[in-house]
Asks: 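Can you keep this structure in mind? I'll have questions shortly.
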Amino acid sequence: MIHPTPRVRFAPSPTGYLHVGGLRTALYNYLFAKKNNGTFILRIEDTDRNRYVEGAVENLITTLKWIGLNYDEGPDNSGEYSPYYQSQRLNIYKEYANVLLTQKNAYRCFCTAERLTQLREAQQKEKHQAKYDKHCLNLTQEEIDNKLETDTPFVVRLNVPEKKTIKFDDVVRQHIEFSSDTVDDQILIKSDGYPTYHLANVVDDHLMKITHVIRGEEWLPSTPKHVLLYDFFGWERPVFAHLPLLLNPDKSKLSKRQGDVAVEDYRGKGYLKESLINFVALLGWNAGDDREFYYLNELEEHFSLERVNKSGAVFNVEKLNWLNFEHLRQKPVSEVLLMLKEELSKTKFGKNVYTDNYLIQVIDAMRERVSFVKEYAEKSPYFFEAPEEYDTDIIKKRWKDDSPALLKKLADNISEFQANASKDDFEHALHKTAEEAGVGAGKLIHPVRLAASGMGVGPGVYDLLVVLGKDEVVKRINTAIEKIKI
RNA sequence: GGCCCCAUCGUCUAGUGGUUAGGACAUAGCCCUUUCACGGCUGUAACAGGGGUUCAAAUCCCCUUGGGGUCACCA
């Protein structure tokens, strides 16, 4: 047994931001750890110097923390197995590469880029898989020594045995077999001395006592290489679980070209962390029932690797939007209030001052009508500023010749109110006005909505009026009577 | 192209030999509401195809087809 309790890791390459596919992988690792009293580890796979991005790690950590996936061990909290940056573990990899070299399970390759390219092109012409021809495996010790003495650049390659069947088990896909003849002599140490992913991840997973490797399906074809390494070192293999891919609408692997893929993009658009987590959790996993609404702590309770699906899942923004709506409406007003204030400060209404009490009324009125906090300002700007103009279609439809006169009477009646008039007061006033004029309530309801909001849609008209308040309503009615011409 | 993985409504999925194939999002209609939403009800909509195994296959096996991933001194 590698470790008595599960130890899992999320091991991203710091390329700049957290990809939603990465989020799903991180989440499943996290959930598996939580469910099984295990340890969740963040390890930074930064062995490619060419892809170094300034601030990428910080950004990754910020996003992970924002969304609530806290790790037990990682770069910024000294764990037992530190360092958690692969770039800081270079001599460890070198040491283990030497073990393989001594065993003859790896060998130095001095081939030039040109030779490799030629080889590859020739193989492609034959319609075969590009594969190294083990040319340098046949170098004599003398030849090798000469090359080393003259500082000829070299890489270290995995010596994949011929005609062997490489077998391994996967929690998601059960049993998988590869013929070793289809496995390339993978480079383990690059000529710059840095390891490739394949060596580094195996060595680190072993050293960090990782019990379960939970990662994306794109790693499946290279897993035989990893399995070979475990076997060569004589190490116990972790349990593998290859997760189905997250897909674009056209079913290809989720990519930047077809929409947003960075978690921070979604955050920026106003998606709640709760809905992001909930949504992504359900892309490839379900508890076996009809439940679709979960909080993170509930997922921790219900998650199991065994119920992860095999096939890829399209990232369907429509459903994400629905979940955002559901999560937003579950939030206590106090929390929505905070978010609304934050949001308003970013709009043209930011300079205005609204009391908490007022904003709470706005929230109550709009609750069932918004999926995003920013929609409070977008869908009901009239709560934050009097309308500048009036929807022309609604004017055409609802503003009649008698509207100004009727509204004037309504405004007169409303003027009689106490300052703290209730919703019922507005309703009574409207019906009374209609009755006295001998018209239906609709002759007043629609024009007064238009006058007060400039729009034809919104909360119930009495909710709208009571939130705005007596004085403001009267003022807006008078303005509308002046401004609206048919 | 080689290798590997996958296959239930448009999408996410339930289903583990016997179901009128269920739910959710989306979509259409109706109800509620003199608005819009919410809510409620209803509808359209799926087992890729072909062979087996079996009294019985969405469920098990094989083939075909389709889709995807991967074949770097990237991860």
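Chain A is the first sequence line, chain B the second, and so forth, proteins listed ahead of strands; every chain is numbered from 1.
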Asks: Phosphate oxygens OP1/OP2 of C5(B): is one of them under 4.0 Å from a side-chain N or O of K251(A)?
Replies: no
Asks: Looking across every strand, which nucleic acid part, if any, lies under 4.0 Å from K127(A) by heavy atom: base, sugar-phosphate, or nothing?
Replies: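 Sugar-phosphate contact only.
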Asks: Give a yes/no on whether any side-chain N or O of R307(A) is located under 4.0 angstrom from OP1 or OP2 of G15(B).
Replies: yes
Asks: Please work out if P459(A) contacts a base, only the sugar-phosphate, or nothing of the nucleic acid, heavy-atom cut-off 4.0 Å.
Replies: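 Answer is base: heavy atoms of P459(A) come under 4.0 Å of a base.
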Asks: Base, sugar-phosphate alone, or nothing: which one does R173(A) contact when heavy atoms must sit under 4.0 Å apart?
Replies: sugar-phosphate
Asks: Parallel, tilted or perpendicular: which describes the rings of Y30(A) and F40(A), with under 30° parallel and over 60° perpendicular?
Replies: perpendicular
Asks: Name the residue closer to the 5' end of RNA chain B, choosing between K310(A) and S252(A) according to the nucleotide with the nearest heavy atom.
Replies: K310(A)
Asks: Just do the side chain to side chain donor-acceptor pair (under 3.5 Å) check on Q86(A) and D204(A) with the steps written out, would you?
Replies: CA-CA 8 Å; Q86(A) 290 188 327; D204(A) 285 343; 2.9 Å; yes
Asks: Side-chain N or O of N286(A) less than 4.0 angstrom from OP1 or OP2 on U13(B)?
Replies: no
Asks: Heavy-atom nearest nucleotide on RNA chain B for G288(A) versus T196(A): which residue maps closer to 5'?
Replies: G288(A)
Asks: Reckon K253(A) has a side-chain N or O less than 4.0 Å from the OP1 or OP2 of U70(B)?
Replies: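 K253(A) to U70(B) OP1/OP2: side-chain N or O found under 4.0 Å.
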Asks: Give a yes or no on whether a salt bridge exists between R476(A) and E472(A), defined as a side-chain N under 4.0 angstrom from a carboxylate O.
Replies: yes
Asks: Quick one: is R329(A) getting a side-chain N or O under 4.0 Å of the C38(B) phosphate, OP1 or OP2?
Replies: no
Asks: Looking for any heavy atom pair under 4.0 Å, which part of the strands does V155(A) touch: base, sugar-phosphate only, or nothing?
Replies: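 Base contact - V155(A) has a heavy atom under 4.0 Å of at least one base atom.
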Asks: Starting from P on C25(B), measure out to CG on N278(A) and report it in whole angstrom.
Replies: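 After rounding, the reported distance stands at 13 Å.
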Asks: Is K379(A) close enough to A37(B) that one of its side-chain N or O atoms is under 4.0 Å from OP1 or OP2 there?
Replies: no
Asks: Would R291(A) count as a cation-pi partner of Y294(A), with NZ or CZ less than 6.0 Å from the six-membered ring centre and within 45° of the ring normal?
Replies: yes
Asks: Verify the contact: side-chain N or O of T47(A) to OP1 or OP2 of A75(B), cut-off strictly under 4.0 Å; return yes or no.
Replies: yes
Asks: Measure the distance from OH on Y462(A) to C1' on U35(B) and round it to the nearest whole Å.
Replies: 11 Å
Asks: Assign I445(A) to base, sugar-phosphate, or nothing according to its heavy-atom contacts below 4.0 angstrom with the strands shown.
Replies: base
Asks: Distance check, C1' atoms only: A48(B) and C25(B), in whole angstrom units.
Replies: 24 Å
Asks: Using the P atoms only, state how far G15(B) lies from A72(B), rounded to an integer number of Å.
Replies: 39 Å
Asks: Look at all strands and tell whether T15(A) reaches a base, only sugar-phosphate, or nothing, counting heavy atoms closer than 4.0 Å.
Replies: nothing
Asks: At less than 4.0 Å, is any side-chain N or O atom of N316(A) found next to OP1 or OP2 of A26(B)? Yes or no.
Replies: no
Asks: Does F279(A) reach a base, just sugar-phosphate, or nothing at all? Heavy atoms under 4.0 Å.
Replies: nothing
Asks: Rounded to whole angstrom units, what separation is found between the CG atom of N321(A) and the C1' atom of C25(B)?
Replies: 10 Å
Asks: Name the pairing partner of C38(B), where a pair is Watson-Crick or G-U wobble with both distances under 3.5 Å, or state none.
Replies: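 Here C38(B) is not engaged in any pair, so there is no nucleotide opposite it.
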Asks: Please tell me whether Y462(A) and F426(A) form a close aromatic pair, meaning their ring centres lie under 6.0 Å apart.
Replies: no
Asks: Measure from the side chain of S311(A), starting at C-beta and using heavy atoms only, and say which of A7(B), C25(B), C36(B) lies closest.
Replies: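 Nucleotide nearest to S311(A)'s side chain: A7(B).
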Asks: Please report the distance separating the C1' of A21(B) from the corresponding atom of C47(B), rounded so that it comes out in whole Å.
Replies: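 About 8 Å, rounded to a whole number of Å.
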Asks: Is the distance from OP1 or OP2 of A14(B) to the nearest side-chain N or O of N309(A) less than 4.0 Å?
Replies: yes
Asks: Can you tell me if the side-chain N/O atoms of K125(A) get under 4.0 Å from OP1 or OP2 in G1(B)?
Replies: no
Asks: Indicate whether the side chain of N413(A) and that of T433(A) have a donor and an acceptor atom separated by less than 3.5 Å.
Replies: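 There is such a pair (donor and acceptor under 3.5 Å, judged by atom type) between the side chains of N413(A) and T433(A).
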Asks: Under 4.0 Å, heavy atoms only, any strand: does R120(A) hit a base, just the sugar-phosphate, or nothing?
Replies: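 Sugar-phosphate: the residue R120(A), judged by heavy atoms under 4.0 Å, touches backbone atoms but no base.
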